[in-house]
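Only one structure is covered here, and it is reproduced in the block below.
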Amino acid sequence: AQQSAKRRANFAVIAVAFLVVLITFLFWYQTWFGRRLSTSEMGQYLSDTSVPHKTQHALSQLADQIAHGDQETKRWYPQIVSLASNKEAEFRLMSAWVMGQDNTAPQFHEALLGMLDDSEPLVRMTAALALPKVKYDTPEKQLDFFRNVLDRLASSPGVTTAAACVPLPFSGSNWSASFQIVGRPLAPNDPGPHGDVRYVTPGFFKTLGIPLLRGRLFSADDTQGTQRVAVIDENLAKQYWPNQDPLGQKIRRGRNDPGAIIVGVVGHIRFSSLAGEEASSGMVQSGTKGAYYYPMYQSPRPFGYLVARTAGDPSVLAGAFRSAVRDVDAGQPIHDFQTMDQRVWASLGPQRLATTLLGIFAGLAILLAAVGLYGVVSYGVANRTHEFGIRIALGARPAEIARMVLADAAKLAIPGAVIGVVVGVVLTRLMASLLYGVGAADPLTFFGVALLLVFIALLASYIPARRATQVDPMVARRYE
């Protein structure tokens, strides 16, 4: 009987495992991660969007085929353009991504231009990133575009300096990658140095106020065909060259990378968040993580951010940006105008929400503490009405009674406030990551709250004591 039960149990385990594998296979087979679609299935899934994952499957396969130069995909271009105006944002987003794979189709270019006014920010951003691939399909064209735009922007009224970069600080995007220090062997299982990577034009560091600590910054001569160079920040220098000068060292990314010589060291900047730790490529990293910069004129990008510094109001520079881009390419879209203060403010949204909620709950806690404190102290003072009557009958003045009550309340309230401050200082270490520009043990905050609670305790004692001192002594003696 035991062997039979054991066999049944083993059979049940095998059956469950088989079902798990079968269901997983069927899910994989039926989604865009699985099999390639036939021509009939492709047409059906592109025209019938009632099953979203099938349409996504078709769009994903088309993107892969277009990227590999499959000319047969052109028959499906009208359906892709049609999905660009679908009411579902997920289809519009994927169609923008697919259209970005072909930089020669005029219908794609027209559809992408229309998507710049989409109601969904992610759709607008995807379309904006896809558009440069249509017209600026070579590094040389990309380089000429940014160089000409920056020349015009730098000469605009009110602009002190101008630059381009990707990614931009506090834009919600941050890139990181491993690199190799040429001439320094790696230990077994060592993934190698790692840092945030950025592409910038020569005026970037001056525009953002990043100081040069050693060496030199990028210049207009750091272009394609010249010696590849890089600039690192002080944190990366301390991390990987703690006891030596990094200038002249060579770093490279991947075996096919000829490498870049480090020519300068700049100051470290906050890139994603002012408070606590920073995020890099979706992973939480230390706020002290280093970064290395490449010149965009040596490594052109098909997209980027334009930044400018002004001595006046930065919010009025939107017109200068538009004019500079329009003078170079009237059909090139530009969007996402924000000052750096606005971007920094937006990056603190999660911290503001958390601190607002903490403030609300802290206010409720103080209110409850005040009500409870008032009730307890008031009740204690009211119970002494008989004592007050006797003291007044013996010649004590009302003012003396009030001072005595307040002194007794202070003897309880002040030590309690001191203990509360000490405990609060210890506990607020837990919320230090939510704060910026103020310490976890901010003396003004603790002093203010402690003073408020002491005031409430004294007020709770004074009001009933004053009422009791106004009662006739003969009446007060009857209180028990």
Quiz prompt | Option from Ile232, Ile181, Leu236, Ile251 for which side-chain contact (heavy atoms from CB on, under 4.5 Å) with Pro246 holds | solution =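 Between Pro246 and the candidates, side-chain contact (heavy atoms from CB on, under 4.5 Å) is satisfied uniquely by Ile232.
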
How long is the span from the [atom1] atom in [X] to the [atom2] atom in [Y], to the nearest 0.5 Å?
| X | Y | atom1 | atom2 | result |
| --- | --- | --- | --- | --- |
| Asp64 | Thr73 | CG | OG1 | 10.5 Å |
| Phe170 | Trp345 | CZ | CH2 | 14.0 Å |
| Leu357 | Phe361 | CG | CZ | 6.0 Å |
| Glu41 | Leu46 | CD | CG | 11.5 Å |
| Gln61 | Ile66 | CD | CD1 | 11.0 Å |

Taking C-beta and beyond as the side chain, do [X] and [Y] meet within less than 4.5 Å on heavy atoms?
| X | Y | value |
| --- | --- | --- |
| Pro295 | Tyr199 | no |
| Leu247 | Val263 | no |
| Lys289 | Asp196 | yes |
| Asn86 | Glu88 | yes |
| Gln107 | Met99 | no |

Exercise. Assess the side chains of Thr49 and Thr55: does a donor N or O sit below 3.5 Å from an acceptor N or O?
Key: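 Looking only at side-chain atoms, Thr55 and Thr49 do not form any donor-acceptor pair under 3.5 Å.
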
Quiz item: Between the side chains of Gln65 and Glu72, does any donor sit under 3.5 Å from an acceptor?
Solution: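 There is no such pair between these side chains.
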
Quiz item: Looking at Trp97, is Arg92 sitting on its ring face, NZ or CZ under 6.0 Å from the six-membered ring centre and within 45 degrees of the normal?
Solution: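 No; the conditions do not both hold, so Arg92 does not lie above the ring face of Trp97.
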
Exercise. Tell me, please, whether Phe271 has Arg198 positioned over its six-membered ring: NZ or CZ under 6.0 Å from the ring centre and within 45 degrees of its axis?
Key: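 Yes, cation above the ring, under 6.0 Å and within 45°.
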
List the atom of [X], the atom of [Y], and the distance in Å for their closest heavy-atom pair.
| X | Y | value |
| --- | --- | --- |
| Gly290 | Gln239 | N-OE1, 4.3 Å |
| Val265 | Asp233 | CG1-C, 4.0 Å |
| Ser178 | His194 | OG-ND1, 3.0 Å |

Self-check item: Pairs involving residues 300-309, ordered by first then second residue, that meet side chain to side chain donor-acceptor pair (under 3.5 Å) (sequence neighbours left out)
Solution: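 Pairs touching residues 300-309 that pass the test: none.
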
Quiz item: Tyr297 and Phe218: aromatic ring centres closer than 6.0 Å?
Solution: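 No, the ring centres sit 6.0 Å or more apart.
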
Quiz item: Would you call Lys74 and Asp102 a salt bridge, using N to O less than 4.0 angstrom?
Solution: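 Yes, Lys74 and Asp102 are salt-bridged.
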
Quiz item: How are the rings of Tyr45 and His57 set relative to one another: parallel (under 30°), tilted (30 to 60°) or perpendicular (over 60°)?
Solution: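 Tyr45 vs His57 ring planes: tilted.
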
